[in-house]
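Here the structure is laid out as structure tokens; the discussion comes afterwards.
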Amino acid sequence: MRWQGREWEVVAWQGPQVTLVPWDGGEGPLAVSYRWLVSGEDFAVLGTGEAPTAVGAALHGWGRQEGREEEAALWQARMVEIDTGLAPGRSEHEQGFGPETTLAQRCAAMSARLAADGVRCSAHTLADKRRKWKAAGENPAVLLPGPRDKRPGGFTDPRCLTAMQEVVARRARESDVTIDLIREEVEDLLYSRYAAELEDPAAAADLLPSRSTFYLRMKESGLAEVLGQPTRARAALASTPPLPHGGREVVLRPGQVTQTDTTPLRILACGDDGRPTATELSTLIDVANHSVCALMVTPSRPRDAESGQAGQATRAIDLTLMLAQAFAPWPVMPGWDLLSAAAASSLPFGALRAADERFTEATAARPVIRPELIIYDQGSPYVSEHFTEVCARLRIARRPARKKTPTDKPLPEHFFVTLAHRFSQHVTHGWQGRSHKKRGRGIDRMPLYTIAELQQMAQEWVALEYQRTPDAGLRDPFRPGIVLSPNDMYAVQIARSGYRPVPLSPAQNRFFLLPQWVTPGKGGFMINYRTYQPLAQDAGHYREILLRGGSKLPGRKDQWECRFNPYHPERVWLYDHTAGTWVTCDFRLRHLLTDPWTADMWQEHAERHRAAGGSEEDEEAIALSLAQRDRRRRSRRPPPKRTGTEPPFQGLELETEQPSQDPYAGLEEFDLSTLRPYPAQPISPLAPPPVPAPPALPTGTGGTEPSDSGQAPHPLAALFPDDGDGSTLDASTAGTPTATYEVVQAELLDNLDPDGDDGAEDEGDVWEM
């Protein structure tokens, strides 16, 4: 370019500032104002290829309207001519842009020139463009018009668009139809809702679109594509909950948002009957740090069509037991690697142990995270009444995910893939592979692990490997270059959000169990035709419940709430809502079933007994059949490569019992040789007075002297003197009691009628003393 009598080279152009270098190289770079530069009398551009390049650089620097450099350069030249009166690259002023013209006159002249070229742009619009251009540092990117957002639905009435969606959703579970039939039903629906408004022809034309417009709106909204999908896909789409989905949620603390899901584990395990059975895995993942809050392995089998045996899969009790894991630390089980302990991990073990006494040296390296929000699948266990009640009691919010949309809960889906790649394939006994074509031979004939063993192995893998493996999605905002593991990320977040332990008492843990409404009677109450009776220490409380006559709860009348674990049905708990206490009850025939058993095993033998002509109410016969099964299972020859029979799957242990108190705790140690016999029964006053026992055995040669018969007496003969009738006094009657005690024991009558409708007996005679 030529400026002030010299030739210059433009090396930089940023906003209103231009950097020049003399062409002859005599001086250093010179930074001048663009307005001052173009207003020079001898200003002229010598190289025509430099201006578009500079405009393109400015556009790329601005980051907008890429690929429109030529249009931006054209508008840049127009704005320069309006602002200075001289077009870039020219030394003479055009007509209407001379030095004597004002800014408004130059805008009017530019508007007339654009109108002659077929571009409609008023002088006010040009003035606004120049004002934005100057505010942006004379950047040409702001001169280009932005993309205009298309109005969804066009000018069609929104009420018509809503009616279209309703009709398509109504037809989702029916056979496919054409768009013409949808249009007729939409018109009928609009006439039924807005009959008065549609009497006006003008309003009817606005509300009811034409046939071509209706087809266009069906195509634009995607409803036409929905009509072409299979019925199953249309039904799944219609059942989508109306909740906001998509996008990334801002999660700042552990437990703020969690995701849960269930999937087949593809590992065969040993079932309760000793046969191979499929398994399922349910897990709860924290979104903030990708930690595994809890996981649950359960058996899975389809319904047997021949025998009619019911199938088994993950149930609501399994999900609640999984949820209970999130509130307590995992213990390190015997045989685990020493590195699986929390003390050997990156968790802040010292701070956690100071805040929560449940953290010990035997705690696994997995954080304790209390969920605040759970995003769950719409399977039947997750929408069950029991799981909903437990979440409401623990104050956990719930949000359903859309059907057939795994992206709403991506963390559990990714965890299942990670589990299959890094854990399941190393379970050599039972791993079925990713597909049937890649399955090994003889999987069902090899020794298999039990469900409990798979559960322990999965928990050890989580604490030992998963929680310690760096995840590319976990980064500290203050150290973005370092990839963190779930335990590392938890340590960073817990230092900011804090930790508050939420220990659950045995009474609170009982609310995790399944509810059952029962009617207490004289002989107890029944659950699935099993009679339960209270323990001796709770017999008085149970009698008070009977005397009240009923729970008086709305809709329940005489029924009371009872909680039981189907994996441990030998004991249940009756809830007294008036006092907030529990009554512990045991199965009446518990003494017959010495081996572990579950409610599923009881139901299986009940069905067999009914198929043989018996009744499901005959609990004695079913209990004996179940006991005989366990005896036969123990006595039969074990399968090859096995060391014995395996116990049935009984879920996870949940602390529902109060810890027993040691009555001798705190007592000082004493010498057992100082103890003396104490009478257990009163002695007749006519009995001769007892002879006091010597403090110790006589010393000497054996401590005995020869008797008249020439035989040496027994060394303990001195402790049992002769009372004159040739008999020996019992040690238990060697003293006179200081007081007489009367033992009173309350027992239930032998009446197994749970309804208690026997009118021959008085309510006061329920208990005999």
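All residue numbers in this chain count up from 1 along the given sequence. What you are looking at is a predicted structure, and each value in this text was computed from that prediction instead of being measured.
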Is there a salt bridge (Lys or Arg N to Asp or Glu O under 4.0 Å) between Glu657 and Arg571 once you walk through the steps? CA-CA 10 Å; Glu657 297 288 346; Arg571 173 162 293 183; 3.1 Å; yes
Glu561 bridged to Arg556 by N-O distance under 4.0 Å: no
Are side-chain heavy atoms of Thr450 and Glu453 found at a separation under 4.5 Å? yes
Would you kindly say whether Tyr382 and Thr262 are connected by a side-chain donor-acceptor distance under 3.5 Å? yes
Give a yes or no on whether a salt bridge exists between Arg610 and Glu616, defined as a side-chain N under 4.0 angstrom from a carboxylate O. yes
CD (Glu385) with more than 12 external heavy atoms under 6.0 Å: no
In chain order, what residues pass the side chain to side chain contact (heavy atoms under 4.5 Å, CB included) check against Ser175, with sequence neighbours excluded? none
What heavy-atom pair brings Leu411 and Gln259 nearest, and what distance separates the two atoms? N-OE1, 3.2 Å
Within 45 degrees of the ring normal and closer than 6.0 Å to the centroid, is that where the cationic atom of Arg588 sits relative to Tyr532? no
Any chance CZ of Arg232 has more than 12 other-residue heavy atoms, nucleotides or ligands included, within less than 6.0 Å? no
If only side-chain N and O atoms count, and only distance matters, is there a donor-acceptor pair under 3.5 Å linking Thr263 with Glu280? no
Would Asp318 and Tyr567 count as having a side-chain donor-acceptor pair, cut-off 3.5 Å? yes
Measuring centre to centre across the rings, with the benzene-like ring taken for any Trp, is Phe423 within less than 6.0 Å of Tyr466? no
Spacing of Gln516 atom CD and Cys562 atom SG [to the nearest 0.5 Å]: 7.5 Å
Would you say that more than 12 heavy atoms from the other residues, nucleotides or ligands in this model lie under 6.0 Å from the NE2 of His541, or not? yes
Heavy-atom pair with the smallest gap, counting every atom of Ser282 and Leu319: OG-CD2, 4.0 Å
For a salt bridge (Lys or Arg N to Asp or Glu O under 4.0 Å) check, start with the C-alpha distance between Arg370 and Asp286, then their side-chain angles and the critical distance, and finish with the verdict. CA-CA 10 Å; Arg370 177 187 177 274; Asp286 183 42; over 6 Å; no
Tightest non-hydrogen contact, residues Gly523 and Gln533, listed as O-NE2, 3.1 Å
Among Gln229, Glu174, Arg173, the one residue meeting side chain to side chain contact (heavy atoms under 4.5 Å, CB included) with Arg234: Gln229
Check: Thr320 side chain, Ile317 main-chain N or O, donor-acceptor pair, under 3.5 Å: yes
For Pro569 and Ala599 the tightest heavy-atom approach is CG-N, 3.7 Å
Once you round to the nearest 0.5 Å, how far does CH2 of Trp461 lie from OG of Ser340? 14.0 Å
Could you check if a side-chain atom of Leu589 sits within less than 4.5 angstrom of a side-chain atom of Glu619, using non-hydrogen atoms only? yes
Kindly determine whether Phe587 and Trp602 satisfy ring-ring contact (aromatic ring centres under 6.0 Å, His included), including the steps that lead there. CA-CA 12 Å; Phe587 179 41; Trp602 178 275; 5.5 Å; yes
Trp330 ring centre to Arg366 NZ or CZ under 6.0 Å, with the angle to the axis within 45°? yes
Taking the inter-plane angle between the rings of Phe511 and Trp582 on a 0 to 90° scale, is it parallel (under 30°), tilted (30 to 60°) or perpendicular (over 60°)? perpendicular
Rounded distance (nearest 0.5 Å) linking atom OG1 of Thr598 with atom CD of Glu604: 8.5 Å
Step through the shown structure and confirm whether more than 12 heavy atoms of other residues, nucleotides or ligands are within 6.0 Å of CD on Glu655. no
Non-hydrogen atoms of Ala623 and Leu592 that approach each other most closely: CB-CD1, 4.4 Å
Hey, could you give me the OG1/CD distance between Thr279 and Gln455, rounded to the nearest 0.5 Å? 11.0 Å
Between His577 and Trp560, ring centroids under 6.0 Å: yes
Pick out which of Val368, Leu394, Asn509 makes a side chain to side chain contact (heavy atoms under 4.5 Å, CB included) with Phe327. Leu394
Evaluate the side-chain proximity of Trp597 to Glu570: yes if any heavy-atom separation is below 4.5 Å, no if none is. yes
Run the side chain to side chain contact (heavy atoms under 4.5 Å, CB included) test on Ile451 and Thr298 for me, step by step, so that the C-alpha distance in whole Å, both residues' side-chain angles and the decisive distance to 0.1 Å come before the verdict. CA-CA 7 Å; Ile451 302 293; Thr298 55; 5.9 Å; no
In the structure I gave you, are the side-chain heavy atoms of Asp576 and Arg548 within less than 4.5 Å of one another anywhere? yes
Could you tell me whether Arg266 sits above the aromatic face of Trp431, with NZ or CZ closer than 6.0 angstrom to the six-membered ring centre and within 45 degrees of the axis? no
Roughly how far, to the nearest 0.5 Å, is CG of Leu454 from NE2 of His429? 12.0 Å
Return the minimal non-hydrogen interatomic distance between Ala364 and Ala463, and the atom names on each side. CB-CB, 4.1 Å
Take a 6.0 Å sphere around NZ of Lys557 and say whether it holds more than 12 heavy atoms from other residues, nucleotides or ligands. no
salt_bridge(Glu389, Arg563) N-O dist < 4.0 Å: yes
Kindly determine whether Lys409 and Tyr376 satisfy side chain to side chain contact (heavy atoms under 4.5 Å, CB included), including the steps that lead there. CA-CA 8 Å; Lys409 40 181 179 48; Tyr376 62 94; over 6 Å; no
Would a 4.5 Å heavy-atom cut-off, applied to side chains only, mark Arg608 and Ser625 as touching? no
Mind running side chain to side chain contact (heavy atoms under 4.5 Å, CB included) on Val292 and Leu284 for me, showing each step along the way? CA-CA 6 Å; Val292 178; Leu284 182 67; over 6 Å; no
Please tell me whether Thr519 and Gln559 have a donor and an acceptor in their side chains that are separated by less than 3.5 angstrom. no
For a side chain to side chain contact (heavy atoms under 4.5 Å, CB included) with Val572, tell me which candidate from Val518, Asp586, Leu514, Ile527 qualifies. Ile527
Tell me, do Pro331 and Met333 make a side-chain contact under 4.5 Å, heavy atoms counted? yes
Step-by-step side chain to side chain donor-acceptor pair (under 3.5 Å) determination, Ser291 to Gln467: CA-CA 7 Å; Ser291 295; Gln467 292 291 136; 3.3 Å; yes
Applying side chain to side chain contact (heavy atoms under 4.5 Å, CB included) to Thr531 and Phe525, what does each step give before you reach the verdict? CA-CA 6 Å; Thr531 304; Phe525 54 88; over 6 Å; no
Give a yes or no on whether a salt bridge exists between Arg315 and Asp600, defined as a side-chain N under 4.0 angstrom from a carboxylate O. yes
Note, Trp573 side chain near Leu513 side chain (heavy atom, < 4.5 Å): yes
